[in-house]
Structures are given as C-alpha cells and as structure tokens.
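This report concerns only the one structure given below.
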Amino acid sequence: SDEKQKEALTYMLGQLIVKNGTLDFSDFSLPLKFKTRVNKLEGDIVAISSSLDETMFIKLDGVVDEYGSAKIGGNLIAADPTKKTDIKVDFKNIDVTSLSPYTGKFIGRKIQSGKLWLDLGYKIDNKELVSTNKIRMKDLELGENVESEEASSMPVGLAIALLKDSDGYIDVSVPVEGNVDDPDFKYGAAAWKAVGNLITGIAASPFKFLGSALGIDAEAMAKIEFDFASAELMPPEREKLDKLVDVFVQRPEIGLVLMPSYMRSRDKLAMQKNKLYALAVGEFKESDERNTKYSFIKKLYIETVGDETYDKEYDKLDKSLKEGDDFKSLFFDIQINTLIAAQKVTTKELEALAKNRSQNIREHLLSKGFDGKRIKVESAVTAVDMAEVEHYTSHLTINVN
C-alpha cells in the first residue's frame, strides 16, 4: 500500500572484471592539483554490495600517457565509504608538464620539465580520515611566469632548490587528518595548509631544514664566529665551513649569500683597545717595570685630556688610598678606560672589517672546492646590535642559484 515504505534496493555483484578500461583520476588537494587519465585499465572489483557489512575490494593497473603507470588497490564499504575505506593509489613516472595550468594559476609559474611519482593513501574509519600523500619528483624545473591573481607569494623556487637532492629528486610527505563529516573540514584546504607550512618553514630557516633533511647540524654551520675586531677564521670555524661544503654538494641548486656585518659596540670597543695597545706596545711591551707602564699612560692621558682634568680625576679618589699601590692601580684603570674611549674608530674601518670577514669565508670555501659561482657577497654592510656575547657571529643565508 501507499503507507508502506518501499524497501531499499539491495544488490550484490560478486566480481566486476575490467579489460582495456579508461579512468579519469583527479586529486585537487595535492600541491600540484593532480589530474590525469589512466588508459589500458586492467583488473577487477570484488563484492560490490549495498550492505554496510560487506567490504568491496579493488585491484586495478593501467597506463598513463606513454611511459607512466598507475596502480589502484584496497578496500572500502561501497554503501558508505565514510564508514570504512583503505585505498592506495600509486602513480609512477608521470610527465608533470601537464600540470602547468594548475601551477600557473596557484604559484604563477609553468612547469618546464619533470617526472612525478605519487604514493597516495586514503584511510577512513567511522568518518575519521588519515591521508598519507607521498610525492616524489625528479628534475623538476619551473618555466616561465604566468599572470594570476590567485598565485601564492610563497618562495616556491627556494623551497624546490632546497628540497632537490644531488640526483634531482624531491621527496615530500603531506599528511592530512580530519573528520569528513565536519562541515568546517575541507580536505584540499588542509593539504594546502600543510604544504604552505612546509614551504614557509623551509624559507624561514633553510639551514635548519637542511640539517633535518640530511641528519646533521647544518644550522650551527651557518654561524661563523669571529673574535671581536678580527677577521681571522679560527680552526673550529674552518671545520664548520668544510662541513658546509659537503652539505652544498648534496643540494646543487642553492647558493650561499655572505652578508658583511659587524657588531656596532663590541667590535668598535675591541678596535679601540687594539689601537691603544699599538700606541703603548713600544713603551712597555714585555716590560714588568710597573713605573714605566704607569708613567707612559700618565703622559698619554695628560696629552689627551689636559693637566687640569688629570688633577681633577686624581683628586676625586679617596685620599686614604693614595698611600699604596691600590690607589695607583685604580687611577691607572681610570686613565686606561678614558684612553680607550678616546681612540678614534671610523665607520669605514668597521665596514672594512666586515668585508674582510666575508672575504676570508669566501676564500676558504673556494680553497675546499666550493663553486665560486654559488657564492654571493652582498655589497651593503650591516651594523648589528646584540647582547653581551663572547664572539661575533657572521651572517650567512641561502638563495637559489
């Protein structure tokens, strides 16, 4: 009767054999918005059922373009894939130039050449998705720029150069998790967020990324320390640079940028001390005669500040100290500090120090076989202000060749 509910259609197909089939596959959540056609599809699909207790099994093989292949396998509940799904899709040796429409739109560059391997896994258990997207590319080269209002400003070129190893391979994993029943969960958006975080993190800390990828402390190698007012490479720093050469051999598409810089206060103070020492060295170098040292400093101090200032500073000290050596040593220190501050150090001298540091780093790298075309020395010199430290740390960064 009309009051009776119609029973739902039930069905059970034991086996579906596929011969010379065609399958259009797309996954727009991937970083390169993958879409392709699989031809010559062979395999079977077993237990296609309307029952929520029946599991369907898939095993399919096919050809993509002329030299690529595709394998699709796994199981799911056909009546409700969100209850249970465990599918793996494996693409090999796919020409990625066909993805240029997507890369042009979203990163503003076409793809000039490259091959792609995709190992995609989709698992759903009671609406909870865990997706593993392993992406491998070889010889990926970006091509010409494309005008696109939707293009991302992320430093994709730098990320590609850092990811690509000496054999031209890039390996990236983009896991995505979420509840497919959640209206706020969008699979593609989650995947793109994961990719964006990866690229941003690589660009922000390229040495840290290299260290993590290669299993070494590459970030520490980026910090080349110098004694204040010195451009000489100390032995531990030469060792760091030697290891850095090995790191860059494994990433042939990146270059090293040296940014000449100095510490405004600490380098200047050290240079002032060096200048005072140079003045005094002829008078009391290697001398243990304290009177010789004191008399020279007194003479230089009076020449710098004048007799009147000398007398005022002398009278400021506690008269009870004037009987012994404590007074003489204390007043000596006062004179020394004044004379140090009086030594003139120009910005030009400090900038020369910074340039010498970068030049010494460059020359050492070249002596170890580093390709000079991959080293750039910035022309501008930067003055930095830092907290109290034991050594000055030079600035190195990474760019794309």
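Residue numbers run from 1 in the order of the sequence given. Heavy-atom basis, side chains included; hydrogens, waters and symmetry copies ignored.
When every heavy atom of Lys368 is checked against every heavy atom of Val245, the shortest pair comes out as O-CG1, 3.9 Å. Residues Leu396 and Ile224 approach most closely at CD1-CG1, 3.7 Å, considering heavy atoms. Here the shortest heavy-atom pairing between Leu366 and Gly372 reads CD2-CA, 3.5 Å.
Put simply, the side chain of Arg357 gets close to the backbone of Ser230: a donor and an acceptor are under 3.5 Å apart. Put simply, the side chain of Lys127 never gets that close to the backbone of Lys83: no donor and acceptor are under 3.5 Å apart. Side-chain atoms of Asn360 come within 3.5 Å of backbone atoms of Ala231 as a donor-acceptor pair (strictly under, hydrogens ignored). The backbone N or O of Ala229 lies less than 3.5 Å from a partner atom in the side chain of Asp267, making a donor-acceptor pair. Lys240 places a side-chain N or O within 3.5 Å of a backbone atom of Lys223 that can act as its donor or acceptor partner. No donor-acceptor pair closer than 3.5 Å links the side chain of Asp65 to the backbone N or O of Tyr67. The backbone N or O of Leu256 lies less than 3.5 Å from no partner atom in the side chain of Arg374, so there is not a single donor-acceptor pair. Using modelled atom types, no side-chain atom of Arg264 and backbone atom of Asp385 make a donor-acceptor pair closer than 3.5 Å. Looking only at distances, a side-chain donor or acceptor of Gln272 sits under 3.5 Å from a matching main-chain atom of Gln343. Of the possible donor and acceptor atoms, none in the side chain of Lys71 sits under 3.5 Å from a partner among the backbone N and O of Phe91.
Environment of NZ in Lys40: sparse, with no more than 12 heavy atoms of neighbouring residues, nucleotides or ligands closer than 6.0 Å. Around atom NZ of Lys138, more than 12 heavy atoms belonging to other residues, nucleotides or ligands sit under 6.0 Å away. With a 6.0 Å radius and a threshold of 12 heavy atoms from other residues, nucleotides or ligands, Gln15 has its CD atom above the threshold. Lys123 NZ: 12 or fewer foreign heavy atoms inside a 6.0 Å radius.
In summary, the side chains of Asp165 and Gln250 do not present any donor paired with an acceptor at a separation below 3.5 Å, with no hydrogens or angles considered. No donor-acceptor contact under 3.5 angstrom links the side chains of Gln335 and Thr338, judged on distance only.
One finds the CD1 atom of Ile45 at 13.0 Å from the CG atom of Asn75 (value rounded to the nearest 0.5 Å). Rounding to the nearest 0.5 Å places CG of Leu129 at 9.5 Å from OH of Tyr122. The CG atom of Leu365 sits 4.5 Å away from the CD1 atom of Ile375 when rounded to the nearest 0.5 Å.
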- Item | Derivation of the side-chain contact (heavy atoms from CB on, under 4.5 Å) call for Arg136 and Ile170 | CA-CA 5 Å; Arg136 193 178 208 206; Ile170 294 174; over 6 Å; no
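Using a 4.5 Å cut-off on side-chain heavy atoms (C-beta onward), Ile94 and Leu118 make no contact.
Pairs passing the ring pair (Phe, Tyr, Trp, His ring centres under 6.0 Å) check and including a residue from residues 336-371, sequence neighbours excluded, read Phe248-Phe370.
Using a cutoff of 4.0 Å between basic side-chain nitrogens and carboxylate oxygens, Lys164 and Glu141 are scored as salt-bridged. Under 4.0 Å is where a charged nitrogen must lie from a carboxylate oxygen, and between Glu351 and Lys355 no such pair does.
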